[in-house]
Amino acid sequence: MPRTVKQDRALRTRAALIQAGAEVFGEEGFAGASVTRIADRAGMTLGAMYFHFPSKEALAREIVRAQPELVSPPLPSEGLQHAVDLTLTWAYRLLTDALLFAGARLVLEADRFIEPGENVHRLWTEVLSGDFRLAVRRRELRRSVDVEALARLVVDACAGAQMHSHVESGRVDLPRRVEGMWRLVLPAVATARVIEGLEFGEERGRCQAGPTGPGPASRTAGS
């Protein structure tokens, strides 16, 4: 029992440091963040910080690598619908989720702490490629479609949308921009029958669970 209590405490400490790191990275960027400020935000000592993460680079890598796991659509789906739902859920949660917001901010400085093959764009491309491969097997996408190229296009479009949305609306209109992107791309890669059956809208992306941190939409950020 003592060992279990100790393990639980360590997990809570690690989670608190990740959350605090996300908030500070989201506010200051990677270069502007300091381990002291992260530890202070978490209410932890520097010793606790360095026990779990030997550097702020290690903490930033943890946050970036976890990005796809943070996004779970509220409704069950597969293939092309799942790809749509995934991007809409990301767009809605980015408004309030400190961890996702940090990932969006950190991508601009990823060369400082992570290998190119592990950057968040590559991770999202792999996730969407899986959805698109299934969509081809389900005859939702045309067989001539290059699923990796399509996945890169969607990831690049979403990344660009969130940067422009930040500047123009504080990301409030990001879900609308993502839906608009799909409505332009789909006629080139999917059949009319499949497109007619796809569902969009707030219910496909807005989760009922509360935010995981202070709402970042109103903060000033460089991403």
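All heavy atoms count here, side chains included; hydrogens, waters and symmetry mates do not.
- Checked options Arg176, Arg183, Arg177; the residue passing with Glu179 is Arg183 (criterion: salt bridge (charged side-chain N to carboxylate O under 4.0 Å, His left out)).
- By the 6.0 Å and 45° rule, Lys56 stacks over the aromatic ring of Phe30.
- Inter-residue side-chain proximity for Glu126 and Glu148 is flagged as unmet; no heavy-atom pair is nearer than 4.5 Å.
- Residues passing the side-chain contact (heavy atoms from CB on, under 4.5 Å) test with Leu46, sequence neighbours excluded: Val35, Thr36, Ala39, Tyr50.
- At a threshold of 4.5 Å between side-chain heavy atoms, the hydrophobic network of Ile, Leu, Val, Met, Phe, Trp and Tyr places Ile114 and Leu108 in one connected group.
- A salt bridge links Arg37 to Glu28: at least one charged side-chain nitrogen sits closer than 4.0 Å to a carboxylate oxygen.
- In terms of the side-chain hydrogen bond (donor to acceptor under 3.5 Å, both in side chains) criterion, residue partners of Ser55 (sequence neighbours excluded) are, by chain and number, Glu57.
- Using modelled atom types, no side-chain atom of Arg152 and backbone atom of Thr125 make a donor-acceptor pair closer than 3.5 Å.
- In the hydrophobic cluster analysis, where Ile, Leu, Val, Met, Phe, Trp and Tyr join through side-chain heavy atoms closer than 4.5 angstrom, Val64 is grouped together with Val107.
- In this structure, the separation between CG on Leu198 and CG on Leu186 is 6.0 Å, given to the nearest 0.5 Å.
- With respect to the salt-bridge test (charged N to carboxylate O, under 4.0 angstrom), the residues Glu115 and Arg122 do not qualify.
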Please determine whether salt bridge (charged side-chain N to carboxylate O under 4.0 Å, His left out) holds for the pair Arg14 and Glu62, giving the CA-CA distance in whole Å, both sets of side-chain angles, and the decisive distance to 0.1 Å. CA-CA 11 Å; Arg14 185 179 181 86; Glu62 178 84 6; 3.4 Å; yes
Step by step, would you call Trp124 with Leu86 a side chain to side chain contact (heavy atoms under 4.5 Å, CB included)? CA-CA 10 Å; Trp124 279 119; Leu86 199 66; 3.7 Å; yes
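- By the rule that hydrophobic residues join a cluster once side-chain heavy atoms approach within less than 4.5 Å of another member, Val71 and Tyr92 end up as members of separate clusters.
- When the salt bridge (charged side-chain N to carboxylate O under 4.0 Å, His left out) test is applied to Arg65, the partners found at least two apart in sequence or on another chain are Glu118.
- Of all heavy-atom pairs spanning Ser129 and Ala151, the tightest one is OG-CB, 3.4 Å.
- Residues Leu123 and Leu150 fall into different hydrophobic clusters, defined by Ile, Leu, Val, Met, Phe, Trp and Tyr side chains chained together at heavy-atom separations under 4.5 Å.
- Here the CZ-CD1 distance, from Arg105 to Ile63, works out to 12.5 Å after rounding to the nearest 0.5 Å.
- Note: His52 NE2 to Thr13 OG1 = 5.0 Å, rounded to the nearest 0.5 Å.
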